[in-house]
Amino acid sequence: VSITHAGYIKRLPLTSYKKQHRGGKGVIGANLKEDDFVEHLFIASSHDYILFFSDQGKVYWLKVYDIPELDKTAKGRAIINLLELSENEQITSMIPIREFNDRNLAMATQMGTIKKVILRAFGRPKRGGIIAITLDVGEKLIGVKLTNGNQELILCSKMGKSIRFSETEVRSMGRAARGVRGIRLKKNDEVID
């Protein structure tokens, strides 16, 4: 499955690619627009899920077999045509999932809020998406990562500040919870990653 920076997605079988030997010239993986590039590329079974998290704090999901299977040179189908996104809603994170188990999702907002949720809480999303995190007015979800519950998290701000802490310091919350402060920010600063 490949997803481009401009939001185009496609899947193709692994047999579309073959091993090349010395002196090989490679093959074209996609005909993209000049300013577009492949941002995410991962291997998944056709029965796996992909969770799509938006900047408005919602999560959408697709089975991999619902993603159009196109040839190598196709640019893909726009994600906005496959998901029921609201106006001006942008996808910020995509996570391939085989099963909804006890692993965790760590979320961060641009205002420095973090939240940890058990993956099982997202096992039954609706077609129009479900709330992943409750956001304050003007706040955006900037990233979501799949964790095992014992990892180190680092938040980095636009003005070069960062904080590192253990994931065990953040308690697990419900799906619609707001989260807790992860970093104190100065005026006009925001978390970027």
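Computed from a predicted structure; not experimentally measured.
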Crowding at CZ, Arg77 (>12 non-hydrogen neighbours, <6.0 Å):
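No, CZ of Arg77 has 12 or fewer neighbouring heavy atoms, counting only those of other groups under 6.0 Å.
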Is the count of non-hydrogen atoms from other residues, nucleotides or ligands lying under 6.0 Å from Ile192 atom CD1 greater than 12?
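Enclosed.
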Please identify each residue that fulfils side-chain contact (heavy atoms from CB on, under 4.5 Å) with [X], with sequence neighbours left out.
X      : value
Met173 : Lys115, Arg171, Ala177, Val180
Glu169 : Phe165, Ser166
Asn150 : Asn148, Thr168
Ser46  : Tyr65

Do [X] and [Y] touch side chain to side chain, with heavy atoms closer than 4.5 Å?
X      : Y      : answer
Thr113 : Arg181 : no
Ile114 : Val170 : yes
Ile133 : Thr109 : yes

Would you please name every residue forming a salt bridge (Lys or Arg N to Asp or Glu O under 4.0 Å) with [X], sequence neighbours left out?
X      : answer
Glu190 : none
Glu152 : Arg164
Asp55  : none
Arg98  : Asp48

Verify, without hydrogens or angle tests, whether [X] (side chain) and [Y] (backbone) share a donor-acceptor contact under 3.5 angstrom.
X      : Y      : answer
Thr147 : Gln151 : no
Lys145 : Ala106 : no
Gln110 : Val191 : no
Arg175 : Ile131 : yes

Any residue meeting side-chain hydrogen bond (donor to acceptor under 3.5 Å, both in side chains) with Asn104, in chain and number order, not counting sequence neighbours:
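Expected list: none.
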Tell me, please, whether Phe53 has Lys58 positioned over its six-membered ring: NZ or CZ under 6.0 Å from the ring centre and within 45 degrees of its axis?
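Judged by the rule, Lys58 and Phe53 form no cation-pi pair.
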Start with the C-alpha gap between Lys10 and Asp71, add the side-chain angles, then the distance that decides, and say whether salt bridge (Lys or Arg N to Asp or Glu O under 4.0 Å) holds.
CA-CA 9 Å; Lys10 71 176 180 179; Asp71 62 37; 5.8 Å; no
Tell me, which pairs form a ring-ring contact (aromatic ring centres under 6.0 Å, His included) where one or both residues lie in residues 168-193, sequence neighbours left out?
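Applying ring-ring contact (aromatic ring centres under 6.0 Å, His included) to every pair that reaches into residues 168-193, excluding sequence neighbours, yields nothing.
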Salt bridge check, Lys75 against Asp36: does any charged N sit closer than 4.0 Å to a carboxylate O?
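Not counted as a salt bridge, because no side-chain N and carboxylate O are separated by less than 4.0 Å.
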For a side chain to side chain contact (heavy atoms under 4.5 Å, CB included) check, start with the C-alpha distance between Met111 and Asp136, then their side-chain angles and the critical distance, and finish with the verdict.
CA-CA 9 Å; Met111 300 309 294; Asp136 292 330; over 6 Å; no
So which heavy atom on Gly112 is nearest to which on Leu155, and how close?
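Closest heavy-atom pair between Gly112 and Leu155: O-CD1, 4.4 Å.
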What are the two closest heavy atoms between Cys156 and Ile154, and how far apart are they?
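Heavy atoms of Cys156 and Ile154 come nearest at SG-CG2, 3.8 Å.
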Before you tell me yes or no, could you show the steps for Ile97 and Leu146 under side chain to side chain contact (heavy atoms under 4.5 Å, CB included), namely the whole-Å CA-CA distance, both residues' side-chain angles and the distance that decides it to 0.1 Å?
CA-CA 9 Å; Ile97 300 293; Leu146 186 63; 4.1 Å; yes
Residues clustering with Met94 (ILVMFWY side chains joined when closer than 4.5 Å, directly or via others):
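Besides Met94, the hydrophobic cluster comprises Val1, Ile3, Ile9, Phe42, Ile50, Phe52, Tyr60, Leu62, Val64, Ile67, Ile79, Ile80, Leu82, Leu83, Leu85, Ile91, listed by chain and residue number.
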His5: partners by ring-ring contact (aromatic ring centres under 6.0 Å, His included), with sequence neighbours left out:
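With neighbours one apart ignored, the set is Phe37.
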Starting from the C-alpha separation in whole Å, work towards a yes-or-no answer on side chain to side chain contact (heavy atoms under 4.5 Å, CB included) for Leu119 and Leu51.
CA-CA 10 Å; Leu119 183 58; Leu51 297 179; 4.0 Å; yes
Shared hydrophobic cluster for Val144 and Ile130 (ILVMFWY, side-chain gaps under 4.5 Å)
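Shared cluster, yes.
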